Number of protein chains: 2
Amino acid sequence: MFDLDFRSRKAIYVQLVDKVKQLIIKDVLKDDEKLPSVRELAQQLTINPNTIQKAYRELESQGYIYSVKGKGSFVHPSKKMENVEELKKVREQLKKLLAEAIYLGMTAEEIESLINEVEGGQQDD
Amino acid sequence: MFDLDFRSRKAIYVQLVDKVKQLIIKDVLKDDEKLPSVRELAQQLTINPNTIQKAYRELESQGYIYSVKGKGSFVHPSKKMENVEELKKVREQLKKLLAEAIYLGMTAEEIESLINEVEGGQQDD
DNA sequence: AATACTGTACTATATATACTAATACAGATA
DNA sequence: TATCTGTATTAGTATATATAGTACAGTATT
């Protein structure tokens with residue numbers, strides 16, 4: 001379910017955070033759906049449980065999942081505009097990235113078609 | 001000219017790469033303008049010349065500057081659509097970030113107004 | 001030619017971060 | 001009780017980052 005690249009210079013827990021976020025955003029993981037347990041996923045991916053926990057902690061702090069001791073970790077139902085802090089960060093990142101894209105030659109039209117593509121949801125990488 | 005945050009968990013050379021890119025994108029640094037020399041900038045920022053060199057090497061590999069032994073490092077004149085590899089990366093990043101922004105509640109209209117804002121250039125952070 | 005700038009390369013070292021490992025505790029569930 | 005969950009702590013190792021020192025090559029000025 002979550003395929004990682006161990007040769008990547010990107011930290012494993014960061015890759016995992018990104019993957020889960022993508023799956024939630026694309027609605028592959030539905031609201032309140034249970035994620036694999038820390039130990040189960042660690043065994044599946046043959047990595048340390050602590051690394052999974054670190055990823056889950058990060059996802060929780062960003063508001064994408066919630067965890068309940070003894071029960072598990074679940075997808076946080078998306079209430080739009082709720083996670084103001086995260087939205088602020090993303091807007092700043094977006095501004096920089098848009099400037100870079102335009103500098104490199106992307107047109108506003110191209111970007112808008114990207115938006116449309118993404119708005120539909122369920123597209124893959 | 002390049003103010004850094006030493007308390008940040010972001011690597012110094014990464015911060016420097018971002019800063020220079022932003023200045024080039026915003027046309028604060030003009031085509032073929034000479035950047036401070038490795039040693040000069042190192043002294044200014046009170047960091048090691050090797051760290052500056054690492055940032056410059058990265059900027060060169062991304063096509064933002066070019067360096068000439070014995071002369072210095074200069075802003076690479078932007079030929080749009082030339083740096084295909086970099087553009088590809090940016091497009092992928094943009095796609096992910098757009099999906100995230102929309103998930104968090106940004107509307108297409110908001111994003112388009114961001115594009116307009118950025119297209120004008122010379123805006124600051 | 002001499003000097004003083006440039007970029008670039010290399011080795012060594014210190015520190016921070018990322019990851020692994022093992023263990024323990026607390027809550028939920030059957 | 002037994003077994004599943006998340007969570008916390010401590011320790012050791014590997015990698016990334018930054019510093020330090022030195023050296024070499026090309027350019028420009030005198």
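Below, all heavy atoms of this structure are taken into account, side chains as well, without hydrogens, waters or symmetry copies. Everything numeric here is computed off the predicted structure, so don't read it as measured data. The sequence lines fix the lettering, A, B, ..., with proteins before strands; numbering per chain opens at 1.
- The two residues Leu94(A) and Ala101(B) come nearest to each other via the heavy atoms CD2-CB, 4.1 Å.
- Whole-Å rounding puts the Tyr13(B) OH to dT19(D) P distance at 13 Å.
- Checking the phosphate oxygens (OP1, OP2) of dT6(C), a side-chain nitrogen or oxygen of Ser37(B) falls inside 4.0 Å.
- Out of dC10(C), dG7(C), dG6(D), the shortest distance to the side chain of Val38(A) is found at dG6(D).
- With contacts defined as side-chain heavy-atom distances shorter than 4.5 Å, the pair Tyr56(B)/Ser37(B) does not qualify.
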Go through Asp18(A) and Lys96(B) one step at a time and tell me if the salt bridge (charged side-chain N to carboxylate O under 4.0 Å, His left out) criterion holds.
-> CA-CA 9 Å; Asp18(A) 286 347; Lys96(B) 281 191 186 172; 5.4 Å; no
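- Closest to the side chain of Ala11(B), from the set dT8(C), dT17(D), dG6(D), is dT17(D).
- In the set dA18(D), dA8(D), dC24(D), dA8(D) carries the atom at the smallest distance from any side-chain atom of Asn50(A).
- Closest-nucleotide positions on DNA chain D for Glu40(A) and Pro49(B) were compared, and the one nearer the 5' end corresponds to Glu40(A).
- In this structure, Phe6(B) places its CZ atom 16 Å from P of dT17(D), rounding to the nearest Å.
- A donor-acceptor pair shorter than 3.5 Å can be found between the side chains of Glu100(A) and Tyr64(B).
- Between Ala55(B) and Val17(B), the shortest heavy-atom distance links the atoms O-CG2, 3.6 Å.
- You won't find any donor-acceptor pair under 3.5 Å spanning the side chain of Asn48(B) and the base of dG21(D), going by distance alone.
- Of the listed nucleotides (dT20(C), dC24(D), dT19(D)), dC24(D) has the atom at the smallest distance from the side chain of Arg39(B).
- In this model, the phosphate group of dG6(D) is not approached by any side-chain N or O of Tyr56(A) to a distance below 4.0 Å at OP1 or OP2.
- Closest approach of Leu23(A) and Phe2(A) over heavy atoms only: CD1-CE2, 3.5 Å.
- Residue Glu60(B) is in sugar-phosphate contact alone, with no base atom involved, counting any heavy-atom pair closer than 4.0 Å across all strands shown.
- Of all the residues in residues 64-78 of chain B, Lys69(B), Gly70(B), Lys71(B) reach under 4.0 Å from DNA chain D with at least one non-hydrogen atom.
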